[in-house]
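Following: one structure in structure tokens, then a few remarks.
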Protein chains: 2
Amino acid sequence: MMKLDDIAALAKVSKTTASRALADSPLVKEETKALIREIAKAHNYKPNTLASAFARKKSGIIGFCLLNKDHPSFGHPFFGPVLDGALEQARKDNYHIILAANKGSDYVFEEPFMQDCIEGVVLSSFAPAKAVQEFKKRGIPQVLINDVLNTENNTFIMDDNYGGAYQLMQHLMKDKGHFRIGFLTDRLSHTSYLLRYFAYIDAHRDAGLPVYSNDKLPLFDLEGGFSLSSDYYLKKYGYDDIPRIGSPMVVVGVKSAAGYEAVKQLIATGDLPSAIFAVSDSLAIGAIHALQDAGLRVPEDVAVVGYDDIISSTAVRPALTTVRVNRKEIGRTAIQELEKLIENPEQETKIIYIKNNLIVRKSS
Amino acid sequence: MMKLDDIAALAKVSKTTASRALADSPLVKEETKALIREIAKAHNYKPNTLASAFARKKSGIIGFCLLNKDHPSFGHPFFGPVLDGALEQARKDNYHIILAANKGSDYVFEEPFMQDCIEGVVLSSFAPAKAVQEFKKRGIPQVLINDVLNTENNTFIMDDNYGGAYQLMQHLMKDKGHFRIGFLTDRLSHTSYLLRYFAYIDAHRDAGLPVYSNDKLPLFDLEGGFSLSSDYYLKKYGYDDIPRIGSPMVVVGVKSAAGYEAVKQLIATGDLPSAIFAVSDSLAIGAIHALQDAGLRVPEDVAVVGYDDIISSTAVRPALTTVRVNRKEIGRTAIQELEKLIENPEQETKIIYIKNNLIVRKSS
DNA sequence: TTGTATGCGTTATCAG
DNA sequence: CTGATAACGCATACAA
């Protein structure tokens, strides 16, 4: 393997000049540069990346962490596309992406490269404050996806959950004339779902309508045994605690089976809403199946809408009306913001909401 | 930041001894080791990863490439989970995974780390011989997922397509008594689909049954305008060229809409099979929708089976009978094999088939 | 515009 | 068992 020394020798210049020439420094005469470049090319010279990174103390690597209970899940319909967007952007800006996932509840990321080689890190999924503090302590800039913590001076990227859910509610109420709308959700301790819930409530309030309420439904645990990672949105929307308004159905787990069971329970009460807003497509699909299995028609008897626009939303019949979350855009933006942070680490807290799109299909 | 020098000084030993002690070398007296370790820990010493990698000429990084036409697609229901498995295994064995995706039809991977820092590479999706040669030239061990090329001395990992498809056919023929089974496929130039096709044909042959044939169907281009990346399987199953047996319906594109259109066309011929074997779940879902839209019942009038077991296969009604591809296992195995190759680069060509599972649901 | 000399933090070589 | 010293390949402060 050719090294800089060899190229310099061939060009009869010093290593320094050769180095500069290849970095296109203005300090080197154009002729000299051309010569050196030519020689480098002819001998297929490639700088030793490790040596270069070491000397400059810059690796050009960004860590992408998925924080999960026990195993990585890029197979998840949300994170896969986010990663795609991140990779696309990183590549464009000449950064590498290295992957990491926590083991169990240990959020320290002991892996060597994660310790001291990454120039920044994207924390995806539900980042615990512990992980954030850890990176902050090491002085590694970070961007968080999908959640907002109380930690200071961080950049957060998330879907415009409130806006998307509000649009969906407008569609249901204004376009379709529904005014008894059930709410089916995963635990509200997830910020995304909480915001969708607020939009659900506010849409009623703004329309001067009461929120669908059903005495025969149990009082579900709104937080599902977890607690909010931040009270930022509680404050923002004027609450001290997650308010119980109407009769939200809260399930644990994201699987459609959970939605199925909940709606079965709802049907058993005999007091059906005319529409169900499920906080995720997965739950919505379960809801549709439960309705259909009970002999009810969707959307004629009960309309169902979801959120996310996962692939499965067109596999169900009727195809699901939902909100398309721009996952790739979330990934891209995360990298862009991280790069800004790498350039200039001193920044204020910043929350960026990524626009989404209402997708009206047949289920509403 | 503490460096090795500092630790050595504090322990009143040389850098060398300190280095050895921390690497748990048998050359160092236990007492000395203990002392040095203690000091290192007390001062929260972390070796400089870049310096270490540089000095040892070992980065501990494995490249994971997705070869696609224009953009990364970890959001794909296949590659996301493969990546999860790979990451899990890599982490277990103290390797890092760095991501790469080609730009357009340029398969050279110019990214610095991909050039000379990775110790091995996993090539996923449809690896062109060009990419393989490129890495081979640079002496980087590689494992290929999902395709077998004519290139020599490579390790290939793939789903046991033939076995899975054969099982599915047995299910259709033996368990369900079907003997007129249509075949709906994406272009057969994809090795995976070709193998499923061979199993489809062979199952008929082994049962002494003719393959479903329908004159009114057009003669689709079997390779879909592409050519096979290898004739390995052609030879293995005794063909010179992809044989046209029965009336395979070949669509271009993996979207369910393509399956929908093809089956619509099939219905129009008026000569329906009693079952359809779709080469992917996505196509199968389109098939089910087309059948249902034409007023036909699945599986009573026409049974439909798919392959892959993507999430959507339980979102359709009836839920899809399919073959579950062990994607995570594919990823894990790829990394394990790659590590063997890194240890000992001289190895013979090796093809590993990952076992799959027949999943019988309601569509058959 | 070019070159010299040195540093980067670790590991490896060789001598003790 | 331990230590002095030399790489490793590149980048850069400083000198010319």
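Numbered from 1 within each chain, the chains take letters A, B, ... in sequence-line order. Owing to the predicted nature of the structure, the values given are computational and were not obtained by experimental measurement.
At a cut-off of 3.5 Å, with distance as the only test, no side-chain donor of B:Lys136 or B:Asn153 sits close to an acceptor on the other residue. Between the side chains of B:Thr16 and B:Ser19, no donor-acceptor pair of N or O atoms lies under 3.5 Å.
Heavy-atom neighbours of A:Lys355 NZ from other residues, nucleotides or ligands within 6.0 Å: at or below the threshold of 12.
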**Report entry** Worked check of side-chain contact (heavy atoms from CB on, under 4.5 Å) between B:Phe109 and B:Val121
**Finding:** CA-CA 11 Å; B:Phe109 298 98; B:Val121 66; over 6 Å; no
**Report entry** side-chain contact (heavy atoms from CB on, under 4.5 Å) between B:Lys57 and A:Leu50, worked out
**Finding:** CA-CA 8 Å; B:Lys57 300 177 183 320; A:Leu50 243 21; over 6 Å; no
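Residues B:Ser59 and B:His96 have side chains not in contact (no heavy-atom distance under 4.5 Å, counting atoms from C-beta outward).
The span of DNA chain C lying next to chain A, judged by atoms under 4.0 Å from heavy atoms, is bounded 5' to 3' by C:dT1 to C:dG9.
Classification of B:Asp24 and B:Lys33 as a salt-bridged pair holds, one side-chain N sitting under 4.0 Å from a carboxylate O. Under a 4.0 Å N-O distance rule, the pair B:Glu134/B:Arg138 qualifies as a salt bridge. Between B:Arg332 and B:Glu88, at least one side-chain nitrogen of the basic residue sits less than 4.0 Å from a carboxylate oxygen of the acidic one, meeting the salt-bridge criterion.
Contacts between residues 32-48 of chain B and DNA chain C, defined by a heavy-atom separation below 4.0 Å, involve B:Tyr45, B:Pro47, B:Asn48, listed by number. Listed by residue number, A:Lys12, A:Val13, A:Ser14, A:Thr16, A:Thr17, A:Arg20, A:Leu27, A:Val28, A:Lys29 are the residues of residues 6-30 of chain A with a heavy-atom contact under 4.0 Å to DNA chain C.
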Enumerate, atom names and distances included, each donor-acceptor pair closer than 3.5 Å involving a side-chain atom of residues 338-347 of chain A, sequence neighbours excluded.
from, atom 1, to, atom 2, distance (Å)
A:Lys340, NZ, A:Glu337, OE2, 3.0
A:Asn344, OD1, A:Glu346, N, 3.3

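Of the options B:Ser230, B:Ser192, B:Ser124, B:Ser229, a side chain to side chain donor-acceptor pair (under 3.5 Å) to B:Asp147 is made by B:Ser229 and by none of the others.
What separates CZ of B:Phe54 from C1' of D:dC8 is a distance of 4 Å, to the nearest Å. In this structure, A:Lys57 atom NZ and D:dG9 atom P are separated by 18 Å, rounded to whole Å. If you take CG of A:Leu50 and P of D:dA11, they are 13 Å apart, rounded to a whole angstrom.
Comparing the end axes of the helix from C:dT1-D:dA16 to C:dG16-D:dC1, each fitted to five base pairs by superposing C1' atoms of four pairs onto the next four, gives an inter-axis angle of 30° (nearest 10 degrees).
Listed for the A:Thr49 side chain is no donor-acceptor partner under 3.5 Å among the backbone atoms of B:Asp116.
Applying the ring pair (Phe, Tyr, Trp, His ring centres under 6.0 Å) rule to A:Phe156 yields no partners; only residues at least two apart in sequence or on another chain are considered.
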